[in-house]
There are 2 protein chains.
Amino acid sequence: MKNDRPRIRDVARLAGVSTATVSRVLSNPGVVSQQTRASVQNAIAATGYRLNEAARNLRHRRTGGIVALVPNLANPFFAQILSGIASVLGPAGYNLLIADTGPDGAGRLLDYAEPSRADGLIVLDGALPAHALTGRIPLVEACEWVPGLSAPRVKIDNRAAAGLAVDHLADLGHRRIGHVAGPPGNVLSIARLGGWRDRLSARGLTPDEAAIWQGDFSLDSGQAAAAEWLAQPPGQRPTAVFLASDAMACGFIAEVQRHGFTVPRDLSVVGFDDIELVSHVSPPLTTIRQPRWMIGRVAAERLLRRLETGDTLDDDTILPVELVVRGSTAPPAPGV
Amino acid sequence: MKNDRPRIRDVARLAGVSTATVSRVLSNPGVVSQQTRASVQNAIAATGYRLNEAARNLRHRRTGGIVALVPNLANPFFAQILSGIASVLGPAGYNLLIADTGPDGAGRLLDYAEPSRADGLIVLDGALPAHALTGRIPLVEACEWVPGLSAPRVKIDNRAAAGLAVDHLADLGHRRIGHVAGPPGNVLSIARLGGWRDRLSARGLTPDEAAIWQGDFSLDSGQAAAAEWLAQPPGQRPTAVFLASDAMACGFIAEVQRHGFTVPRDLSVVGFDDIELVSHVSPPLTTIRQPRWMIGRVAAERLLRRLETGDTLDDDTILPVELVVRGSTAPPAPGV
DNA sequence: CTGAAAGCGCTTACAG
DNA sequence: CTGAAAGCGCTTACAG
């Protein structure tokens, strides 16, 4: 099956021209005369010829592939980002390769940053070692970023976004506002925690370190944080909690509901991300919407631009976020 | 940067051997003498040589890539399947390419089924036209399947799985059991609807066509179905509903809750898939667990086997499902 | 506008 | 065990 596929030589023979001419018709038809072009096109149709991309790529010293380095492919958070990336790469003639950086570690990583495997990299994992990515193929970072790695970054202002959540809760009248942080060391966790702290201070509400719970973005960790909230004396419990991910917020809410608490009557909750489901749970979640699809698109476009122009500018693109107010937030119960 | 990468010739020169020998050290070291091998390896280290996969692939007439055809990359349902696929392909030395079949349609599809782009295909979209995939590169189907396309299939028994849901509800004492179906024409919708019908009949509960609502697997369509359920006269409403996806079940539950109903007191709900979130919503959802990660793994393994052995057997692999009973189902309220 | 030829970076039968 | 040479299927400066 593979062997009887027509090659460019077969087309050339049938059309009575050289392989060079066939190649020109394929990649730069304007330079070939009407007549020749027509007969080559006939020969292409007659033979059922299809260009071998691999050979073209070898000749062009490119691979035609872009790899996305995803921390955890099983995490639905990345689905929409990848979708955005794919929507740009496909039409531009690039293949999207996907690599899960989780289990393999940095070992296989180096393979992906090989010029012979991909033309460029979109890094979605801020926990990768900078040295493994430095001085290799062109890359951009999206959502997360690797400290110490200089590259264009496409992201949101996580600190300001966390501030929006705090402002919303404070505007509702909450004075004790807790925070469930993402995994320690994660760049997003740090920025969001920082935003929570800053904004509380700015509004004269002293951030209470006892109102910070350690999570890891997962549902389970949100549930665990809720258990700690429940364990606090009622008079000291925050009346509102801002969580660094929607998944944690869902786990948190389900757990307090299980213990007979009502959201938002007994507790206001704000998440982060606006993943699809949270507008359809009960109560619908107030959250910070990240333009995930757009982040994917812009990151892909930025990478393509770098590949085409060879620019060397390590700029940041900050995409806007939005506070989406739904049913999980309300003024604190009177007298709490 | 690209130009100064050492090629095999540079290594050969340094080691004082031919390029053929270097190539042998790389791909079949056993055939080269100790001494020669050592000096070649030194030369490789000294030059920092790395094999160019693209060139090797061209020579081998393979691409080293497997493409997964996903109906909608933004749908988190596929994240875990892709993760399973990636976990097999990476270690086997294949690149995972991802293509979103949604917007492009069948046009670009043909490009992905090109031998010059990928060695094999994993088809996750049953809505693709069979003719576009017939007689092209080796493929397997996973989860969904294209009617009329003969290929190995890795899936669950959707009909029996739906039966599990119906049995569970009937065992609880429900007599009026509704169904919210997936998109019309979809192979999964048809099988699950069929399972609902069969099982009801088998248990002497006549399937009521008025208790079937049309959905499309999405949250919104579940919500819309709930509106129709609410519009029915209370005495005629099903006391239990089986939905063909968890997303629809979440939308359904949130909507009836919004109207003051309590699940499972007023209504029992069973979903399908067991996506991560549904064990953490309130009430936790009773559902059919699909082994999505395993489906991905097995599909990838089956494809690899086909590529290696060239077998031509179009077998089905049926993976087991599991009814997961949680808090969204209970016996019907007395006197309903 | 077109062709002959070299080359992208490997691999592998063939011969020794 | 090793090398010279052909070839995977394209593209492109060079010459005409």
Side-chain angles (χ1 to χ4, degrees), chain A residues 1-41 43-44 47-65 93 111 114-119, chain B residues 1-41 43-44 47-65 93 111 114-119:
Chain A
M1 170 181 163
K2 256 182 184 168
N3 285 322
D4 54 13
R5 301 195 81 218
R7 294 146 301 158
I8 216 170
R9 184 191 308 170
D10 303 313
V11 176
R13 202 170 288 152
L14 184 62
V17 297
S18 72
T19 58
T21 296
V22 177
S23 178
R24 288 189 193 105
V25 170
L26 258 19
S27 42
N28 193 9
V31 85
V32 179
S33 77
Q34 271 286 343
Q35 289 209 350
T36 315
R37 204 192 311 159
S39 78
V40 167
Q41 264 147 359
I44 288 175
T47 53
Y49 171 79
R50 309 223 32 163
L51 180 69
N52 182 319
E53 303 280 352
R56 166 180 280 184
N57 286 338
L58 175 60
R59 189 54 239 238
H60 280 157
R61 291 158 147 225
R62 53 163 251 160
T63 71
D111 291 346
E114 273 300 294
S116 77
R117 289 193 76 169
D119 300 329
Chain B
M1 169 183 164
K2 256 179 183 169
N3 285 323
D4 53 14
R5 301 194 83 220
R7 293 146 302 157
I8 216 171
R9 182 191 309 169
D10 302 313
V11 177
R13 200 171 287 153
L14 185 61
V17 298
S18 72
T19 59
T21 296
V22 177
S23 179
R24 288 189 191 101
V25 170
L26 257 20
S27 40
N28 193 9
V31 85
V32 178
S33 76
Q34 272 288 344
Q35 290 209 350
T36 316
R37 204 191 313 158
S39 78
V40 168
Q41 263 148 1
I44 288 175
T47 54
Y49 171 79
R50 310 224 33 163
L51 180 69
N52 182 319
E53 303 280 351
R56 166 180 280 185
N57 286 338
L58 176 60
R59 187 57 238 236
H60 280 156
R61 291 158 149 226
R62 52 163 254 162
T63 70
D111 292 345
E114 274 299 296
S116 75
R117 288 194 77 166
D119 300 329

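The chains referred to below are lettered A, B, ... by the order of the sequence lines, with proteins before strands, and numbering in each begins at 1.
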Listed pairs under 3.5 Å, donor-acceptor, residues 25-34 of chain A side chains, sequence neighbours left out:
unit_1, atom_1, unit_2, atom_2, d
A:Ser27, OG, A:Ser23, O, 2.8
A:Ser33, OG, A:Thr36, N, 3.3
A:Ser33, OG, A:Thr36, OG1, 2.7

Distance check needed: [N] [atom2] versus [X] [atom1], whole Å only.
X	N	atom1	atom2	answer
B:Ile8	C:dC8	CD1	C1'	14 Å
A:Arg7	D:dT11	CZ	P	15 Å
A:Glu53	C:dC8	CD	C1'	16 Å
A:Arg13	D:dG9	CZ	C1'	14 Å
A:Gln35	C:dT2	CD	C1'	14 Å
A:Arg61	D:dT11	CZ	C1'	13 Å
A:His60	D:dT11	NE2	P	6 Å
B:Asn28	C:dT11	CG	P	11 Å

Taking every heavy atom of B:Ala15 against every heavy atom of B:Ala43, the minimum-distance pair comes out as CB-CB, 3.8 Å
On a heavy-atom basis, the closest approach of A:Tyr49 and A:Ile8 is CE1-N, 3.5 Å
Strictly below 4.0 Å: does [X] bring a side-chain N or O up to OP1 or OP2 of [N]?
X	N	answer
A:Ser23	D:dT11	yes
A:Ser33	C:dT2	yes
A:Arg9	D:dG9	no

Rounded to the nearest 0.5 Å, what's the gap from [atom1] on [X] to [atom2] on [Y]? Could you check?
X	Y	atom1	atom2	value
A:Arg13	A:Thr19	CZ	OG1	10.5 Å
B:Glu53	A:Thr63	CD	OG1	11.0 Å
B:Arg24	B:Thr21	CZ	OG1	5.0 Å
A:Arg61	B:Arg5	CZ	CZ	10.5 Å
A:Asn52	A:Arg59	CG	CZ	14.5 Å

Between the main-chain N or O of A:Gly64 and the side-chain N or O of A:Asp119, is there a donor-acceptor pair closer than 3.5 Å? yes
Please list each protein N or O that sits under 3.5 Å from an N or O in nucleotides 13-16 of chain D, with the distance.
unit_1, atom_1, unit_2, atom_2, d
D:dA13, N6, A:Arg24, NH2, 3.0

Assuming nearest nucleotide by heavy-atom distance, tell me which of B:Leu58 and B:Gly16 is located more 5' along DNA chain D. B:Gly16
Can you figure out which of [options] approaches the side chain of [X] most closely?
X	options	value
B:Leu51	C:dT2, D:dG9, C:dC10	C:dC10
A:Thr21	C:dT11, D:dC1, C:dT2	C:dT2
B:Arg56	C:dC8, D:dC10, C:dC10	C:dC10
A:Arg59	D:dC10, C:dT11, C:dC10	D:dC10
B:Val31	C:dG9, D:dC1, D:dC8	D:dC1

Under the criterion side-chain contact (heavy atoms from CB on, under 4.5 Å), I'd like the reasoning laid out for B:Leu14 against B:Asp10: C-alpha separation, chi angles, the key distance, then a yes or no. CA-CA 6 Å; B:Leu14 185 61; B:Asp10 302 313; over 6 Å; no
Give one of base, sugar-phosphate or nothing for A:Arg50, where a contact means two heavy atoms less than 4.0 Å apart. sugar-phosphate
Measuring only the C1' atom in each nucleotide, how far is C:dT12 from C:dG16? A whole number of Å is fine. 16 Å
Stem regions touching DNA chain C, defined by at least 3 consecutive Watson-Crick or wobble G-U pairs below 3.5 angstrom: C:1-3 with D:14-16, C:5-12 with D:5-12, C:14-16 with D:1-3
